[in-house]
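What follows is a short report on a single structure.
What you are looking at is a predicted structure, and each value in this text was computed from that prediction instead of being measured. FYI, the numbering just counts along the sequence from 1. Values reported hereafter were calculated over all heavy atoms of this structure, with side chains retained and with hydrogens, waters and symmetry mates removed.
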Amino acid sequence: MKGIILAGGYGTRLQPITLATSKQLLPIYDKPMIYYPLSTLMMAGIRDILIISRPEDQASFKRLFGDGSQLGLTISYAEQTEAGGIAQAFLIGEKFIDGDACALIYGSNLFYGRGFTKQLEEAAARPEGATVFGCHVEHPEQYGIVEVGEGGKAVSIEEKPDVPKSNLAVTGLFFYDSHVCEYAHELEPSARGELEITDLNQIYLQKSELNVAELGRSFAWFSMETADGVFDASEYIRVVQKNTGVKVACIEEIAYNQGWIRRAQLLALSEKLNQTEYGRYIERIALSSR
């Protein structure tokens with residue numbers, strides 16, 4: 001399975017901060033925002049990843065990750081030159097996907113909670129259909145909403161409905177089978193001129209192939225689109241890490257636990273960051289694994 005991180009857009013709701021940098025490079029406590037969606041794909045066992053960004057931001061992401069080999073990954077890059085919609089990612093990344101199944105995650109989404117890795121692995125292993133991840137929210141009228149029926153199948157999916165049929169919001173994490181690019185080509189631009197992810201999900205819904213992974217009520221999901229969203233996510237990560245002693249979205253640790261890199265490689269990565277608590281944490285992980 002392939003993975004795509006959609007890290008484009010101008011971050012207009014975060015300006016003036018984002019006038020000079022990509023939103024996905026902003027710090028969420030002790031690491032760049034993009035570490036969180038990348039870690040999600042890695043926990044799903046996905047090693048072949050495409051980062052789609054604005055042309056002017058691509059060099060920054062390359063400086064951050066290179067080709068991904070230091071993490072046992074293969075990271076590629078592509079440009080989104082205009083606001084063509086979320087589903088446009090499957091047209092931009094069609095050659096990268098090359099007929100495989102593919103997961104898509106928004107570059108501004110953060111997930112944290114018990115049982116998440118198991119849900120990711122189950123979604124990645126599903127041979128047919130699509131899976132959306134739903135999280136319970138207080139104001140469902142502000143989100144895309146999915147209604148779940150028997151067997152975890154979606155019954156309906158609507159974008160910001162006036163009268164929501166559930167309080168289960170569609171998050172920015174999707175798993176699709178090998179038909180995703182074919183279906184993306186069938187989409188027509190919406191009234192705002194974009195290819196909508198909801199329309200793509202509707203195709204799977206009409207075929208009774210849209211599954212819902214329902215995140216627990218104590219699960220934390222942040223969509224870091226505003227200054228408050230960035231602050232709230234940062235504070236949440238700070239408190240969790242302080243209370244547990246465990247780094248959230250430590251991509252080096254995940255790569256090591258997945259068996260994609262060896263202990264010596266993990267130590268080498270820690271040495272590059274040895275002036276920070278993050279680097280010392282990686283070193284402790286490596287030394288404790290003897």
Side-chain angles (χ1 to χ4, degrees), residues 1-6 28 33-49 73 86 89 100-138 140 143-157 166-180 197-198 200-201 204-205 207-224 233 236-237 240 244 246-251 253-260:
M1 170 170 274
K2 307 286 180 64
I4 294 178
I5 301 175
L6 192 55
I28 302 302
M33 184 187 293
I34 196 171
Y35 271 44
Y36 297 91
L38 176 60
S39 70
T40 296
L41 297 182
M42 292 172 70
M43 288 190 296
I46 298 172
R47 303 177 68 176
D48 199 353
I49 294 167
L73 304 176
I86 302 300
D100 287 339
C102 186
L104 171 70
I105 187 168
Y106 300 169
S108 56
N109 269 217
L110 185 161
F111 298 87
Y112 184 78
R114 185 182 299 273
F116 188 43
T117 299
K118 182 180 178 181
Q119 288 181 299
L120 290 170
E121 292 172 346
E122 290 174 349
R126 186 168 283 124
E128 296 180 349
T131 302
V132 300
F133 281 70
C135 189
H136 294 273
V137 294
E138 184 176 359
Y143 300 87
I145 294 298
V146 63
E147 181 184 11
V148 187
E150 294 182 4
K153 292 286 187 180
V155 176
S156 67
I157 187 167
S166 81
N167 72 335
L168 199 61
V170 179
T171 68
L173 175 61
F174 313 89
F175 285 72
Y176 296 102
D177 63 16
S178 59
H179 296 291
V180 64
I197 198 71
T198 299
L200 178 61
N201 291 331
Y204 282 96
L205 176 66
K207 296 176 181 293
S208 299
E209 294 181 347
L210 186 62
N211 304 282
V212 181
E214 189 170 342
L215 301 172
R217 292 182 180 272
S218 61
F219 201 92
W221 165 54
F222 293 90
S223 181
M224 300 169 284
Y236 179 83
I237 295 300
V240 168
T244 65
V246 175
K247 294 289 186 187
V248 179
C250 178
I251 55 178
E253 180 183 14
I254 295 170
Y256 181 64
N257 289 339
Q258 292 281 32
W260 299 340

Mind checking whether Val212 and Lys153 have side chains closer than 4.5 Å, heavy atoms only? no

Smallest heavy-atom separation, Pro140 atom then Ser166 atom, equals CB-O, 3.5 Å

Within the structure provided, determine whether Ile86 and Leu104 are in side-chain contact (heavy-atom separation under 4.5 Å). yes

Distance flag, aromatic centroids of Tyr36 and Tyr106, threshold under 6.0 Å: no

If every non-hydrogen atom of Val146 is compared with every non-hydrogen atom of Ala154, which pair is closest and at what distance? CG2-CB, 3.8 Å

Atom pairs and distances, donor-acceptor, side-chain atoms in residues 117-131, under 3.5 Å, two or more places apart:
| unit_1 | atom_1 | unit_2 | atom_2 | d |
| --- | --- | --- | --- | --- |
| Gln119 | NE2 | Glu214 | O | 3.1 |
| Arg126 | NH1 | Thr131 | OG1 | 2.5 |

What distance do Leu110 atom CG and Tyr236 atom OH have between them, rounded to the nearest 0.5 Å? 8.5 Å

Rounded to the nearest 0.5 angstrom, the CD1-CG distance for Ile251 and Leu73 is 7.5 Å

Just how far is it from atom CZ of Phe111 to atom CZ of Phe222, taken to the nearest 0.5 Å? 11.5 Å

Take a 6.0 Å sphere around NZ of Lys207 and say whether it holds more than 12 heavy atoms from other residues, nucleotides or ligands. no

Interatomic distance, CD1@Ile237 vs CD1@Ile28, rounded to 0.5 Å, equals 8.5 Å

I need the minimum non-hydrogen distance between Leu210 and Asn201, along with the two atoms involved. CD2-O, 3.7 Å

Find the distance between CZ (Arg47) and CE (Met42) and round it off to the nearest 0.5 Å. 9.0 Å

Starting at CZ of Phe133, measure out to CG of Asn109 and round the result to the nearest 0.5 Å. 11.5 Å

How far apart are the closest heavy atoms of Ile46 and Lys2, and which atoms are they? CG2-C, 3.7 Å

What closest approach, in Å, do Cys135 and Leu215 show between heavy atoms, and which atom pair accounts for it? CB-CD1, 4.1 Å

Name all residues meeting the side-chain contact (heavy atoms from CB on, under 4.5 Å) criterion together with Ala169; count only those two or more places apart in sequence or in a different chain, and write none if there are none. Val137, Tyr143, Ile145, Trp221

Can you name the nearest heavy-atom pair linking Leu200 to Val180, along with the distance? CD2-CG2, 4.0 Å

Taking side-chain hydrogen bond (donor to acceptor under 3.5 Å, both in side chains) as the test, write out the residues that go with Ser108, two or more places apart. Glu225

